[in-house]
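Shown next, in structure tokens, is the structure this report addresses.
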Amino acid sequence: MIYFDNAATTKPLDESIKALNAALLSFGNPSSLHKLGLDAEQLVNKARMQIASSIGALGDEIYFTSGATEADNTAIFGAARTLGKRKRKIVTTSVEHPAVSQPCRILEEQGFEIVRISPREDGFHADDIVGAVDDNTCLVTCMLCNNETGTILPISDAFKRIKKKYPTTLTHCDMVQGYLKLSVKAKSLHADMISLSGHKVHAPKGIGALYVRKGVHISPLLYGGGQERGFRSGTESVPLISAFGAAVEQLSKNTDERFDHVKQLSSYLRERVLELDGGGVNSPADGSPYVNSISIAHLRSEVMLHFLESKGICVSSGSACSKGKKSSVLSELHIRDEIADSTLRVSFSHENTIDEIDILIDALKEAQGTLIEVK
Ligand code: PLP
């Protein structure tokens, strides 16, 4: 099998599975005061430090969640509940993942003003994001890297200027698709909050984290036993947390080498796609090489996807979360409807190879000769 759907999820690393199994056997509750409990607490704290150091944060600034969806919801609803009595505006972008766009939509129904910044023809401009913020803005929430095209947004620049002009406005970044791929640290991002997901970085599903900068206080989403220093109640999933920490530690070691390898893959893929009759690349040249949006004119995405699947090649027709539904994100990114209908997302991990791309291109050529064209 050839797996090119790493923006949807990734294969857990051996080190991560090993840590998961070890923590399953050492099964204490981190809140218990006996030895098994303390062992479990140590595993959680070790992972907390592994995640913290991967983004240049302090251990106290990391809160474990069930994934990035929970981290995004916590940041957005938390900011709205904490500051939203006086500040009723949220600035975001028109290309966010539903884990951000849906909480914003719900707050809009509750009377918040949501300003969604769209990209210009040449991409996002920090000026547009900064210009939308005013004294009434409680939160600016923007992704770093788009999950459908790999477009990188000018968040560091925008957040830096926003924090300087409006220090009490909170900045939140959904960093899921950039984490351990682009070399970004919490400080250089000027984010008060950052969402991370384990299963996008070769850890299992069901674990993520929210970074909350020291000194920032927002209301929790979950109340109960007061775990995670009162910010996220619920017994910690020690095995998943341990597995997340182990994957992050492993991937923190050689980020640049992996980036260079994936950059090579991406350049090669883009070159080869353009050789195809009607082949096009939708992703910007300066986007993340990990996420590549391509299209083959006149062939429908789903038809191509199933043809490739029959050849043992896994790709996505867009964002996996949209399950084949038409993506408004692609049209926001100025990709015409007929092209969007013929789009595939090829998303890499460091384990992919040039040979696998050759097999994909051969399969696409075969698809062009076999499949019925769309009008
Ligand atoms: N944000 C982005 C940009 C994503 O790509 C995803 C997953 O596809 C999420 C958030 C949600 O992450 P999780 O599956 O950990 O809830």
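Because the structure is predicted, anything quoted here is derived from the model rather than measured. Just so you know, ligand 1 is whichever comes first in the structure, and atom 1 is the first atom listed for that ligand.
- Contact annotation: for H199 versus ligand 1, heavy atoms closer than 4.0 Å belong to the side chain alone.
- Ion pairing between a basic and an acidic side chain is recognised when a charged N comes within 4.0 Å of a carboxylate O; E61 and R48 show no such pairing.
- Residue contacts with ligand 1, taken as heavy atom pairs separated by less than 4.0 Å, involve T69 via backbone and side-chain atoms alike.
- Here K35 pairs with D39 in a salt bridge; the nearest charged N to carboxylate O distance falls below 4.0 Å.
- For residues 229-252, the pairs satisfying salt bridge (Lys or Arg N to Asp or Glu O under 4.0 Å) are E70-R232, with sequence neighbours left out.
- Under a 4.0 Å N-O distance rule, the pair R272/E275 qualifies as a salt bridge.
- Distances from atom 7 (C) of ligand 1 to the heavy atoms of K200, E96, Q177, M143 put K200 nearest.
- Those atoms of ligand 1 that come under 4.0 Å of a heavy atom in S197, given as number and element, are 13 (P), 15 (O).
- Residue contacts with ligand 1: C145 is placed with no nitrogen or oxygen under 3.5 Å of a nitrogen or oxygen of the ligand (distance criterion only).
- Ligand-side atoms of ligand 1 in range of G67: 15 (O), range being under 4.0 angstrom from any heavy atom.
- By the 4.0 Å N-to-carboxylate-O rule, K163 lies close enough to D192 to be salt-bridged with it.
- When hydrophobic side chains of Ile, Leu, Val, Met, Phe, Trp and Tyr are connected at separations under 4.5 Å, Y3 ends up clustered with M1.
- Residue N147 has no N or O atom closer than 3.5 Å to an N or O atom of ligand 1.
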